[in-house]
2 protein chains.
Amino acid sequence: MAVALDVFDRKLLAEVQRDAHTPQNELGARVNLSTAAVNRRLRRMADDGVIDRYTAVVSPEKVGCPLTIVTTVEVESEQIDLLDTMKRTFELCPQIQQCYYVAGEWDFVLILTVRNMEQYNDLTRQLFFANNNVKRFKTLVSMSRVKVGLNVPVELDE
Amino acid sequence: MAVALDVFDRKLLAEVQRDAHTPQNELGARVNLSTAAVNRRLRRMADDGVIDRYTAVVSPEKVGCPLTIVTTVEVESEQIDLLDTMKRTFELCPQIQQCYYVAGEWDFVLILTVRNMEQYNDLTRQLFFANNNVKRFKTLVSMSRVKVGLNVPVELDE
DNA sequence: TCTGAAAATGGACCTTT
DNA sequence: AAAGGTCCATTTTCAGA
């Protein structure tokens with residue numbers, strides 16, 4: 001599953017996670033590699049799935065979704081097909097940025113981005129109250145997005 | 001805080017959140033706009049902070065960080081400077097992808113990406129056990145990353 | 001919106017290990 | 001073979017008319 005990555009690859013990953021718009025010649029200067037080599041490595045990592053995709057990170061506040069909410073969900077039954085339809089529902093809900101199926105006190109952890117409390121309230125009805133398989137859920141309202149990203153740590157030494 | 005966005009802007013945001021490497025002429029074709037118009041709109045949204053940054057999404061599994069963990073933390077005291085140093089500590093930890101300061105049963109929700117349980121265990125020592133202001137914390141180990149992203153929902157109608 | 005210059009990407013080809 | 005470098009064609013970005 002994991003892919004062999006040398007120091008150059010890891011440095012490049014750190015750079016493009018920080019800023020994917022850095023031109024390849026600039027990246028080359030930073031990691032000590034020609035533009036062409038940078039190009040090849042980035043392409044290879046994209047082909048290998050090491051780089052999953054490139055994306056624009058949008059500010060939720062600026063587009064009118066200032067409210068971030070973390071919701072934990074406990075299900076009634078962990079029957080496979082019930083879980084699967086539940087996962088699908090969560091995946092399809094645009095306000096759900098992230099959904100983790102977890103072991104522990106809860107079954108799902110959701111990260112939501114919503115316009116306001118009313119919208120969240122509506123969503124709880126659709127997603128939880130209307131779903132027989134939701135035993136209970138807990139809402140944690142974010143007061144501050146202290147750190148937000150999907151950056152994966154990479155070792156830069158050696 | 002929020003910025004006025006028309007349908008074109010919102011469609012563009014949806015596109016670049018999906019794939020930031022789509023060329024601007026292609027984007028133009030999709031939303032019915034000239035390349036130059038797309039260029040200007042994207043630049044303006046970046047200048048306005050609507051688009052915060054561009055980033056490469058790296059697969060944690062492929063780089064040897066297959067374990068995602070959600071941790072909730074309750075603090076002893078909510079004294080401002082204690083909270084601030086705590087936030088700073090979380091921000092600086094590379095394995096913490098996300099940190100939300102929340103209202104409710106817990107004070108912080110963390111999303112971590114780690115190599116293995118041992119590394120997580122080490123981190124709990126550093127971050128929680130060594131910190132007097134951590135009253136308790138709970139660990140939820142992710143069995144499946146059902147949906148992962150930072151996509152912000154945008155209305156495409158009208 | 002169109003046109004064209006500047007910048008960036010990515011392939012061809014040769015060299016090194 | 002695998003990976004680097006240089007050079008060149010193509011594509012993409014981006015500003016001026």
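Below, chain A is the first sequence line, B the second, and so on; all start at residue 1.
Atoms CZ (A:R41) and P (D:dA2) sit 14 Å apart, rounded to a whole Å. A straight line from CG of A:L42 to P of C:dT9 spans 9 Å, rounded to a whole angstrom. We find that CG of A:N25 is positioned 14 Å from P of D:dG5, with the value rounded to whole Å. Between A:D6 atom CG and D:dA2 atom P the separation is 15 Å, expressed in whole Å. Spacing between atom CD of B:E26 and atom P of D:dT13 amounts to 11 Å, rounded to whole angstrom units. As a whole-Å value, the separation of A:Q24 CD from D:dT10 P is 19 Å. Atom-to-atom, CG of A:L27 to C1' of C:dG10 comes out at 15 Å; the value is rounded to the nearest Å. Between A:H21 atom NE2 and C:dT9 atom P the separation is 9 Å, expressed in whole Å.
Where A:A36 and B:T35 meet DNA chain D, the nucleotide closest to each residue was compared, and A:A36 sits on the side nearer the 5' end.
B:L123 approaches B:V114 most closely through the heavy-atom pair CD1-CG1, 3.7 Å.
A distance of 9.0 Å separates CG of B:N39 from OG of B:S34, quoted to the nearest 0.5 Å. B:Q24 CD to B:R40 CZ: the interatomic distance, rounded to the nearest 0.5 Å, is 11.0 Å.
Closest to the side chain of B:R43, out of C:dT9, D:dT13, D:dC14, is D:dC14.
In this structure, A:S34 reaches the bases: a heavy-atom distance under 4.0 Å links it to at least one base atom across the strands shown. Residue A:A37 is classed as a sugar-phosphate contact, given heavy-atom separations below 4.0 Å to backbone atoms only.
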Considering only nitrogen or oxygen atoms on both sides, find all protein atoms under 3.5 Å from nucleotides 13-16 of chain C and state each distance.
none

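Helix-axis bend for the helix from C:dT1-D:dA17 to C:dT17-D:dA1: the local axis fitted to the five terminal pairs at one end deviates from that at the other end by 20°, rounded to 10°.
A:L92 and A:L110 end up in different hydrophobic clusters when Ile, Leu, Val, Met, Phe, Trp and Tyr side chains are linked at under 4.5 Å.
Ion pair B:D122/B:R115 not flagged as a salt bridge, since none of the NZ, NE, NH1 or NH2 atoms sits closer than 4.0 Å to an Asp/Glu carboxylate oxygen. Residues B:R44 and B:D9 are paired through a salt bridge, judged by an N-O separation under 4.0 Å between the basic side chain and the carboxylate.
Between B:F90 and B:F128, the ring-plane angle classifies as perpendicular under the 30° and 60° cut-offs.
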Checklist line | B:E15/B:K11 under salt bridge (Lys or Arg N to Asp or Glu O under 4.0 Å): CA gap, chis, key distance, verdict | finding: CA-CA 6 Å; B:E15 291 292 339; B:K11 284 186 182 172; over 6 Å; no

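B:V148 forms part of a hydrophobic cluster together with A:V57, A:V70, A:Y100, A:V102, A:W106, A:V109, A:I111, A:L140, A:V148, A:L150, B:V57, B:V70, B:Y100, B:V102, B:W106, B:V109, B:I111, B:L140, B:L150, judged by ILVMFWY side-chain heavy-atom separations under 4.5 Å.
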